[in-house]
Protein chains: 4
Amino acid sequence: MSIGEADLRRTGRPRDPACDQAILRATREVFAEEGYAGVSVEGIAARAGVGKATIYRRYSTKAHLVVEAIRDGAAVEDFAPDTGDLRADLLTMMQPLASALRGENAKLLTTFAMERMRNPELAEEFNRSIIGRKREHVRQLVAGAAARGELRPGADVDLIAEALPAFLWHHAVYNLPITDDLLDRVLDLALR
Amino acid sequence: MSIGEADLRRTGRPRDPACDQAILRATREVFAEEGYAGVSVEGIAARAGVGKATIYRRYSTKAHLVVEAIRDGAAVEDFAPDTGDLRADLLTMMQPLASALRGENAKLLTTFAMERMRNPELAEEFNRSIIGRKREHVRQLVAGAAARGELRPGADVDLIAEALPAFLWHHAVYNLPITDDLLDRVLDLALR
Amino acid sequence: MSIGEADLRRTGRPRDPACDQAILRATREVFAEEGYAGVSVEGIAARAGVGKATIYRRYSTKAHLVVEAIRDGAAVEDFAPDTGDLRADLLTMMQPLASALRGENAKLLTTFAMERMRNPELAEEFNRSIIGRKREHVRQLVAGAAARGELRPGADVDLIAEALPAFLWHHAVYNLPITDDLLDRVLDLALR
Amino acid sequence: MSIGEADLRRTGRPRDPACDQAILRATREVFAEEGYAGVSVEGIAARAGVGKATIYRRYSTKAHLVVEAIRDGAAVEDFAPDTGDLRADLLTMMQPLASALRGENAKLLTTFAMERMRNPELAEEFNRSIIGRKREHVRQLVAGAAARGELRPGADVDLIAEALPAFLWHHAVYNLPITDDLLDRVLDLALR
DNA sequence: ACATAAGCGAGACGGTACGTCTCGTCTTCTG
DNA sequence: CAGAAGACGAGACGTACCGTCTCGCTTATGT
């Protein structure tokens, strides 16, 4: 709740939003150029024109900083359409993820996916900002289509629902090209 | 050349094979639990009851050490069958990966797969020891089957070849169960 | 001038005198127990229940703050008697220092005396508030007595004038007891 | 015992004595020029051409480093003569302290004297390297002389024994000159 | 048989980054 | 305006590793 948050810190000098942006921006730039190991908090501070304490006041850890920087720059939009046209709905839903995994933030996203495996609190955040309600919604779309007879009888609803993300992440993680028609081809394979 | 190598060091005290194992074992254990960043050469040396120089004599770098440790312990067997039965051949080929992703090395493998994204030195080794020649061989099996008319006309050879690893890794990374019939279901989806 | 000062600040909320005392008191306590390095402006603010700005509005610097705190709490009274009885006059003058070095402020004083060696800003203030005009006055008393023939011929005026403070500080610094008759014994030694 | 010490560290690469000297030397130089607050471990490391760890391996703390540096460069020689000539013996004993307090190390010594007041383990070291057996020995010399009738009857043995250090430290601490004849004058005052 | 050459455990070395703490300044809100 | 709160740039603190480098010792070979 914004009210609750405001209550927590209604006194003292407020944090400078310009610092927030300078820090996250510098972190993303260095991360993209040099990778995780190339990020040093000291270097980020210098590049952002900021004191180290100003960073540590926001992020307790280098890992935390990097993850938040990525999240800030790589959040994936989350639609939940249900037009009755399964193929179209799935395309609409997964297009943002495909774009993100293809763009300059691909490395950020896959790194984020990784970090979440060891850091449980990140797993939750990963769910919120990357997966969102997609997984469950996709399953419902597919199940609805199956119920309508839009799919062949005995179709594997769970597997079909998984197909798009599985292939997209597989391509991203293996540096295979995420071409414009990849989603079409996956849907061709999965939906018949 | 083994002869050349042997010539290079035919004198002096030979390296202790027990050290090799102690080092690689300790490295694997720490890596699986703490990830790449959690591995410290000093810690490995202590855990293996070995001097740091004994490690650096074998591996020039922490990255090198970790790569070799994983390769030594998590290499996935690499069959290249071609019986003419596509489904059976694919099952034979992917079974080792499925087992590996299900067994005690699952954490090691997924950590390796993910960690290689931020450490390019790991990436190449991952290709060599985990992927090996599988990718190309699977593609050839599927292409052969398509040529024989075993698949429906216009089947997406590349995508079919990718399906098993894509779903297996997706399950592993999202902690979904890798059940005994998962490969069957994926093959059902992909081959018809 | 108090009139001029009052003119400068006849508007707005007046400074809270309770803050002055709380700040100085907290500073003295911490300084006596932990020394100059142990004093942190942030800590003083917290201990005094005061904001940092409230301190810096009064004292431009940590050194300034500490100096004022000590001066406020440990100033040694400064008599300048000249009754013609050298021994009595010296006793009158040094009694306050002896008391101060024996009382609860002893630690404060010795710490101040020592700390001033590494912090030149403290040195000047120490001269002003602890030594004051005592040194010169004592010398004049002794010189006067010598001129009157109250001392043996050829008496070392400078050394006699120094004797009381030298022994008092030596006892204080070495934690030797500063007994009631110490001044008498020192005067016995010095004046005959 | 040197044997015991040797046992403690008979393995591994031995510490480089050149580092010891470079570190202590740099520390003394900076301390003399800038005072305690001006010493930074990082700066000492740079000036000595040494890594920070090489300093912290030897001295757990900045304070520890500074004190050892001073001790290494400012130890006062400790004679214990007893020729039967009180005045000569006292001169022989206190000359080294006078020299030290007059020389380039005066600031080091007085700062050391101060630091010992808050750091109990330093008090012991101060006793060992600066005071040594002087205090007790001086008292015995004076008591012996009194017993021999070399002093006037009723002489204040304790105070006489204290006189030289008291005046010497007083002069040092107050930046009064420690002239060549100061000891003579103090002895004149104290011994008659 | 014994000298040579290398392996080994231990740990010091010059660096670099970490995350913490304080300094003195600044910015906001409340009384 | 004063005061409480606390953010800000700067930079030192003490810790932990990295990859390199001695030490003194042990262990095979090759003459």
Side-chain angles (χ1 to χ4, degrees), chain A residues 9-16 18-19 37 39-43 45-46 48-63, chain B residues 9-16 18-19 37 39-46 48-63, chain C residues 9-16 18-19 37 39-43 45-46 48-65, chain D residues 9-16 18-19 37 39-46 48-63:
Chain A
R9 197 186 293 296
R10 121 194 74 55
T11 180
R13 175 176 176 178
R15 294 197 179 164
D16 185 345
C19 287
V39 174
S40 84
V41 178
E42 245 135 13
V50 143
K52 276 206 311 179
T54 300
I55 294 180
Y56 280 106
R57 207 172 287 119
R58 290 160 167 76
Y59 313 103
S60 61
T61 273
K62 171 182 157 178
Chain B
R9 66 167 102 262
R10 106 195 87 53
T11 178
R13 174 177 174 178
R15 293 197 179 163
D16 184 344
C19 287
V39 175
S40 84
V41 178
E42 242 132 20
I44 297 299
V50 144
K52 277 203 323 178
T54 301
I55 295 179
Y56 278 106
R57 204 172 290 117
R58 290 161 166 75
Y59 314 103
S60 61
T61 274
K62 173 181 154 178
Chain C
R9 202 187 286 305
R10 99 194 98 49
T11 177
R13 172 175 173 180
R15 291 195 182 167
D16 184 345
C19 288
V39 174
S40 84
V41 179
E42 243 132 21
V50 145
K52 278 203 323 176
T54 301
I55 295 179
Y56 278 107
R57 204 172 289 118
R58 290 161 166 76
Y59 315 102
S60 60
T61 273
K62 172 180 155 179
H64 188 189
L65 161 65
Chain D
R9 196 185 293 297
R10 118 193 78 51
T11 181
R13 175 177 174 177
R15 294 197 178 164
D16 184 345
C19 287
V39 174
S40 84
V41 178
E42 245 135 13
I44 297 298
V50 144
K52 275 208 310 180
T54 300
I55 295 180
Y56 280 107
R57 206 172 286 118
R58 291 160 166 76
Y59 314 103
S60 60
T61 273
K62 171 182 156 179

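Every chain is numbered from 1, with letters handed out A, B, ... down the list of sequences.
In terms of phosphate contacts, B:R15 brings a side-chain nitrogen or oxygen within less than 4.0 Å of OP1 or OP2 of E:dG7. Listed pair A:T11 / E:dC29 fails the phosphate criterion, with no side-chain N or O lying under 4.0 Å from OP1 or OP2. The side chain of A:R57 places an N or O atom within less than 4.0 Å of a non-bridging phosphate oxygen (OP1 or OP2) of F:dC8.
Between the CG atom of D:D16 and the C1' atom of F:dC23 there is a distance of 13 Å, given to the nearest Å. Rounded to whole angstrom, the span from the NZ atom of B:K62 across to the C1' atom of E:dG15 amounts to 16 Å. For the pair C:I55 CD1 and F:dG6 C1', the interatomic distance rounds to 14 Å; values are reported in whole Å. Whole-Å rounding puts the D:I44 CD1 to F:dA12 C1' distance at 13 Å.
Here E:dC13 is the nucleotide among F:dG3, E:dC13, E:dT28 with the atom lying nearest to any side-chain atom of D:C19.
Ranked by how close their nearest DNA chain E nucleotide is to the 5' end, D:A48 and B:R58 are led by B:R58. When each of B:E42 and C:A53 is assigned the nucleotide of DNA chain E bearing its nearest heavy atom, the one mapping closer to the 5' terminus is B:E42. Mapping B:Y56 and C:K52 onto DNA chain F by nearest heavy atom places C:K52 at the nucleotide closer to the 5' end. Both C:G51 and B:V41 lie close to DNA chain F; mapped to their nearest nucleotides by heavy-atom distance, the more 5′-ward contact belongs to C:G51.
Between the base of E:dA6 and the side chain of B:R13 there is no donor-acceptor pair shorter than 3.5 Å.
Atom-to-atom distance recorded for C:H64:NE2 and C:R58:CZ is 12.0 Å, nearest 0.5 angstrom. Taking CG of C:L65 as the start and OH of C:Y56 as the end, the distance is 8.5 Å to the nearest 0.5 Å. Put simply, NZ on D:K52 and CD1 on D:I44 are 12.5 Å apart, with the number rounded to the nearest 0.5 Å.
Here A:G43 lies out of heavy-atom contact (under 4.0 Å) with every strand.
No side-chain donor-acceptor contact under 3.5 Å links C:K62 to the backbone of C:V41. Of the possible polar contacts, one joining the C:S40 side chain to the C:G43 backbone as a donor-acceptor pair under 3.5 Å is found.
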